[in-house]
Q: 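Sharing a structure below in structure tokens format, with a few things to ask.
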Amino acid sequence: MALLVNRFNIIVLDGFKDGKRYRLSTGIKSTKKFIKYYSQNFTIEFDKLYLSKFPALEKVITFKDYGEYILDITKTSRNKFTQREITYQFQQLCVTFGATPLKDIKVSHVLQWQNTLTLAPKTIINYRSTLNLIFKYAYHDD
């Protein structure tokens, strides 16, 4: 990722998104003030420019969609009983988190959900392990 100034003295943000390189013009003339600002906020501003120029490319992935995908591709590593248990837990988790975009789920949301449960501590741990499985793969997939 780099901050460039083109031949017209316009600030250009050069970075990668989904494995592809993009050079996005800010449309702002280069000054010390703007160079400093874009240097400090490169990632945020690059993402804003990317979304403004390519809005159709950004797909919102919900917890339910991603969770179904992960449970499906990892099912060969579990026996049938465990798969059935995890599927049931996932369905219960979808009641709370199903339609929420995956990237919008915060730790505070999980803690709030956990505090509303009236289940045994071991059961809550099992639900959390299902959540952790999904979030672990989401983290590694960005």
Q: Rounded to the nearest 0.5 Å, what's the gap from CG on Asn41 to CG on Leu3? Could you check?
A: 11.0 Å
Q: Of all the heavy-atom pairs spanning Ile11 and Ser30, show the shortest one and how long it is.
A: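 It is CG1-CA, 3.9 Å.
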Q: Hey, are the side chains of Asp14 and Phe46 touching, using non-hydrogen atoms and a 4.5 Å cut-off?
A: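 Heavy-atom side-chain distance check fails, nothing below 4.5 Å.
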Q: Apply the test side chain to side chain donor-acceptor pair (under 3.5 Å) to residues Tyr127 and Gln114: give CA-CA distance (whole Å), side-chain angles for both, the deciding distance (0.1 Å), then the verdict.
A: CA-CA 9 Å; Tyr127 277 81; Gln114 179 179 311; over 6 Å; no
Q: At what distance, to the nearest 0.5 angstrom, does OG1 of Thr100 lie from CD1 of Ile61?
A: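 Going from the OG1 atom of Thr100 to the CD1 atom of Ile61 covers 14.0 Å.
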Q: Indicate if Leu111 and Leu117 have the same hydrophobic cluster label, given that clusters are the connected sets of ILVMFWY residues with side-chain heavy-atom separations under 4.5 angstrom.
A: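 No, because Leu111 and Leu117 fall into different hydrophobic clusters, even though each may have its own neighbours under 4.5 Å.
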Q: With rounding to the nearest 0.5 angstrom, report the OG1 to CG distance, Thr62 to Asp104.
A: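 Rounded to the nearest 0.5 Å, the OG1-CG separation comes to 11.0 Å.
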Q: My understanding is that only residues two or more places apart in sequence, or in another chain, count here; which of them pass salt bridge (Lys or Arg N to Asp or Glu O under 4.0 Å) with Glu85?
A: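 Not a single residue meets the salt bridge (Lys or Arg N to Asp or Glu O under 4.0 Å) criterion with Glu85.
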Q: Do the rings of Tyr69 and Tyr66 sit parallel, tilted or perpendicular, given the 30° and 60° boundaries?
A: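 Geometry flag for Tyr66 against Tyr69: tilted rings.
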Q: Treat each ILVMFWY residue as a node, draw an edge where side-chain heavy atoms are under 4.5 Å apart, and state whether Ile28 and Leu24 are in one component.
A: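 Shared cluster, yes.
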Q: How close do Arg78 and Thr74 get, heavy atom to heavy atom, and via which atoms?
A: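 Arg78 and Thr74 have their closest heavy atoms at NH2-OG1, 3.0 Å.
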Q: Evaluate the side chain to side chain contact (heavy atoms under 4.5 Å, CB included) criterion for residues Gln83 and Thr87: first the C-alpha distance (whole Å), next the side-chain angles of each, then the deciding distance (0.1 Å), finally the verdict.
A: CA-CA 6 Å; Gln83 180 66 22; Thr87 302; 3.5 Å; yes
Q: Roughly how far, to the nearest 0.5 Å, is the CG atom of Leu119 from the CG atom of Asn126?
A: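 Reported value, rounded in 0.5 Å steps: 10.0 Å.
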Q: Search all heavy atoms of Ala138 against all heavy atoms of Leu102 and return the closest pair with its distance.
A: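 What the structure gives for the nearest pair is CB-CD2, 3.5 Å.
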Q: Measure across Val110 and Phe97 and return the closest heavy-atom pair with its distance rounded to 0.1 Å.
A: CA-CZ, 4.1 Å
Q: Using the six-membered ring of Tyr22, assess whether NZ or CZ of Lys17 lies under 6.0 Å from its centre and within 45 degrees of the ring axis.
A: no
Q: Indicate the ring-plane relationship of Tyr38 and Phe34, choosing parallel, tilted or perpendicular according to the 30° and 60° boundaries.
A: tilted
Q: Identify, with sequence neighbours excluded, every residue that meets side chain to side chain contact (heavy atoms under 4.5 Å, CB included) alongside Phe8.
A: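 If we apply the side chain to side chain contact (heavy atoms under 4.5 Å, CB included) test to Phe8, skipping adjacent residues, the hits are Asn6, Ile10.
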Q: Of all heavy-atom pairs between Gly15 and Met1, which one has the smallest distance, and what is that distance?
A: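 For Gly15 and Met1, the tightest heavy-atom pair comes out as CA-CG, 4.1 Å.
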Q: Out of curiosity, Phe63 CZ to Glu68 CD, how far, rounded to the nearest 0.5 Å?
A: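 Phe63 atom CZ to Glu68 atom CD measures 10.0 Å (nearest 0.5 Å).
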Q: Give the minimum heavy-atom separation between Glu45 and Tyr37, together with the two atoms involved.
A: OE2-OH, 2.6 Å
Q: If I take atom CG from residue Leu133 and atom CD1 from residue Ile86, how far apart are they, to the nearest 0.5 angstrom?
A: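 Atom-to-atom, Leu133:CG and Ile86:CD1 are 6.5 Å apart.
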Q: Please answer: with hydrophobic residues joined when any side-chain heavy atoms are less than 4.5 Å apart, are Leu131 and Ile73 in the same cluster?
A: yes
Q: With the side chain counted from C-beta on, respond yes when Tyr50 and Leu13 share a heavy-atom pair under 4.5 Å apart, and no when they do not.
A: no
Q: If only atom types and distance count, is the side chain of His109 paired as donor or acceptor with the main-chain N or O of Lys106 below 3.5 Å?
A: yes
